[in-house]
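One structure is given below, encoded as structure tokens.
In this text the structure is predicted, and so the values were computed from the model without any measurement. The chains referred to below are lettered A, B, ... by the order of the sequence lines, with proteins before strands, and numbering in each begins at 1.
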Amino acid sequence: MSNITPLKTEVEQALIAQGAGIAPDRKAAFERFLESGLPHRRVEAYHYTDLRALLKSAPPPAKAGGKVSVISPLADIDADIITLVDGRYEASLSSTPPKGVSVKMATTLADDGSAQKSVLSSDPVIALNAAFSDSALDIAIDAKTELVKPLIIRLVTTAAHASYPRVRVTVGDHAKAFIVESHEGGVAGALIDSVLEVRMGDHVAFDHLRLNVTDRAATVLTSFGGAMGKESLYRGHNFVVGGALSRHQIFFRFEGEQSKAEISSASLLNKKQHADSTLVVDHAVPECQSREFFAHVLDDESIGVFQGKIIVRPGAQQTDGKMMSRAIVLEDGATMNNKPELEIFADDVACGHGATVGALDEDLLFYLRARGLPKAEAEALMLQAFVGEALESIEHDGIRDVLEALAEQWLKARSA
Amino acid sequence: MLEIRNLHVAIEDGSKKILNGLNLTIRDGEVAAIMGPNGSGKSTLSYVIAGKDDYEVLDGEILLDGKNLLEMEPDARAAAGVFLAFQYPLEIPGVATMTFLKAALNAQRKGRGEDELTTPDFMKRVKAGAEKLGIPQDMLKRGLNVGFSGGEKKRMEILQMALLEPSIGILDETDSGLDIDALKIVSEGVNALRSAKRSFLVITHYQRLLNYIVPDTVHVMSKGQIVRTGGKELAFELEANGYADYVTNAAA
């Protein structure tokens, strides 16, 4: 049964047509995508996010960047900015890179099948990005560079077409940086399939935020591949309020000992939004520590997905990995899917995971109301506290404030 | 004045009746104690006054200064002057105690049509109240009740009561889990709030608390009714003889 090639859907046929004249250096990636086609519910990693069923159209790739009209929620943050409009670098909306950072466009995109194999999986969404991405933005942060300001990469979508941005970052030894990937704009029918790869050296401190404030009708598929050297710290955050259909994939790999990763995520969803957070943390070497915390607030008929896997490779002794998913379901029509997994091939490790799904605690709600808080205000306070837990590890006060304000705005809209 | 007339209450699904025609009047400035065995309905009474939804009121009324509490949401009851000090105060991780206190205080003021407090005015009130109850400043910055000891939680309840200035304070087994020093601090906090306009309903198993918060009246509750009413000496009698008489001859 499994060898039978399924009929291609309309969307798949459109993608095949778009790939007809593809450049030779991208052909291998395109063929990798063709082998699997759009992933569907019988593909384990896409069981809860069946792209074959959910993806309604495959718009043609953007030919050029459009006109940017959206204002970033991070506009007031003192930061260095790089803007990609419909997947293309836009110099007029980008600042001069700070000292120790070089930014350039690579016109030829090496097939990721070999070079980044250790970081990125053979995921079909990433293969599709590799096939259609015109060029990659290469950002190099020199060794010992400590960036004072966050570096915000705005990925803005302006029309109902597809964009396949790819950003590659190298972080030199002893460097310290905070990179924000801010997905903005988008309209109904827009498809974003982005990949951010970050190679971190040794003794690095790297903070990363993926923000999804796209139009609530857009499809946003984002992948992050991180590989880290020894004695380093990665702090990753994910914040989702936008997108009709979104999936954020995190593939993180420890390649040096005594490093630490803290990954947290908050998704606030309503109406018919579908948001998937998929995480693979690969402990390939001993003595690393990972902490993952994913929070979902689900209203109306929204659907949340959390898939988290911690892999401990043979010999990765003294691994310490803990993963937690918590969801609050506000309406009976909303759904949360949790799939935590541990794959452990070493015997001296401490790993654990937990997942909870529930309504707001009635007793707590009564306690707050008995102190005079009206129901909507009491619920908002509880939800803000719940989301706050996923945001508290963000070191940058200004950016944390922006995210808290976005959460507050979401809660206000709910009770209005 | 709090007036409870012929109150009949069952748990929500109606399967079990807990209050069976309870009558109780507490005048302005009065401290009334309710004592009674486990399961007599004391905590239920406190929850029904405060407005918890887990109960169904089958008959009767509860009036606070003539206003019908049973027709009001819990937050409206709070704004009208009801304060319930919980037996087990809840923890709210992620909500700083200060944030919570300010939200509660301003929500009640708004509910009464008053202006919100300015931040300096609010801070001054909290500081003064906390000092009296021996609550250190760093506790106010932490998540509400998170990691607080039993005694600290009870002191925090009394601080909230002091800030919210209710017309009736209901203390639901405030003495449970308190050592003698904490009991003294909490009682002093309550006594400082006694006034000609404010009344209290003190629910307790033991007479010990009533040594510190001396009641004007003592009511014995059994099987969902007040079965005997007397002065503070009634508490000593109960301490000496136990509740056995009331459990077997309730409503006699």
Side-chain angles (χ1 to χ4, degrees), chain A residues 237 239 264-268 291 293-297 324-328 354 356 358-394 397 400-401 403-408 410-412 415, chain B residues 12 46-55 69 72-97 99-112 114 143-146 153 156-157 159-161 163-166 169-170 172:
Chain A
H237 311 282
F239 188 87
S264 65
S265 171
S267 301
L268 294 101
R291 293 285 179 274
F293 178 68
F294 283 72
H296 284 81
V297 178
M324 185 71 204
S325 165
R326 287 208 186 100
I328 291 182
T356 63
L360 279 175
D361 183 331
E362 287 290 331
D363 289 331
L364 211 49
L365 199 56
F366 173 65
Y367 184 64
L368 292 173
R369 297 188 72 194
R371 293 294 175 263
L373 293 168
K375 189 165 181 242
E377 212 174 305
E379 286 186 354
L381 192 66
M382 285 170 69
L383 290 171
Q384 220 168 324
F386 175 74
V387 174
E389 218 184 318
L391 303 179
E392 69 187 8
S393 56
I394 298 175
D397 291 341
R400 194 179 54 247
D401 287 349
L403 300 188
E404 277 171 1
L406 285 171
E408 209 172 313
W410 188 92
L411 292 167
K412 262 199 188 125
S415 56
Chain B
E12 204 176 19
S46 69
Y47 282 141
V48 171
I49 298 171
K52 199 164 199 249
D53 325 328
D54 302 355
Y55 305 96
L69 290 183
M72 297 157 81
E73 294 290 318
D75 43 288
R77 296 183 198 200
V82 175
F83 181 92
L84 170 62
F86 282 57
Q87 184 180 359
Y88 302 107
L90 285 93
E91 298 187 3
I92 313 186
V95 177
T97 302
T99 310
F100 163 76
L101 291 175
K102 197 169 182 193
L105 197 54
N106 282 331
Q108 290 206 14
R109 293 178 72 90
K110 210 171 142 191
R112 291 192 293 261
E114 297 164 13
L144 180 64
N145 290 330
V146 178
K153 286 180 183 173
M156 192 55 76
E157 292 290 284
L159 173 62
Q160 291 173 34
M161 183 160 71
L163 292 169
L164 295 169
E165 304 177 314
I170 304 165
D172 186 9

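Within the 4.5 angstrom heavy-atom criterion, no atom of B:Leu105 approaches chain A. With a 4.5 Å cut-off on non-hydrogen atoms, B:Ala79 does not touch chain A at all.
B:Tyr88 OH to A:Asp363 CG: the interatomic distance, rounded to the nearest 0.5 Å, is 13.0 Å.
Using non-hydrogen atoms only and a strict 4.5 Å limit, the part of residues 366-381 of chain A facing chain B consists of A:Phe366, A:Tyr367, A:Leu368, A:Arg369, A:Ala370, A:Arg371, A:Gly372, A:Leu373, A:Pro374, A:Lys375, A:Glu377, A:Leu381.
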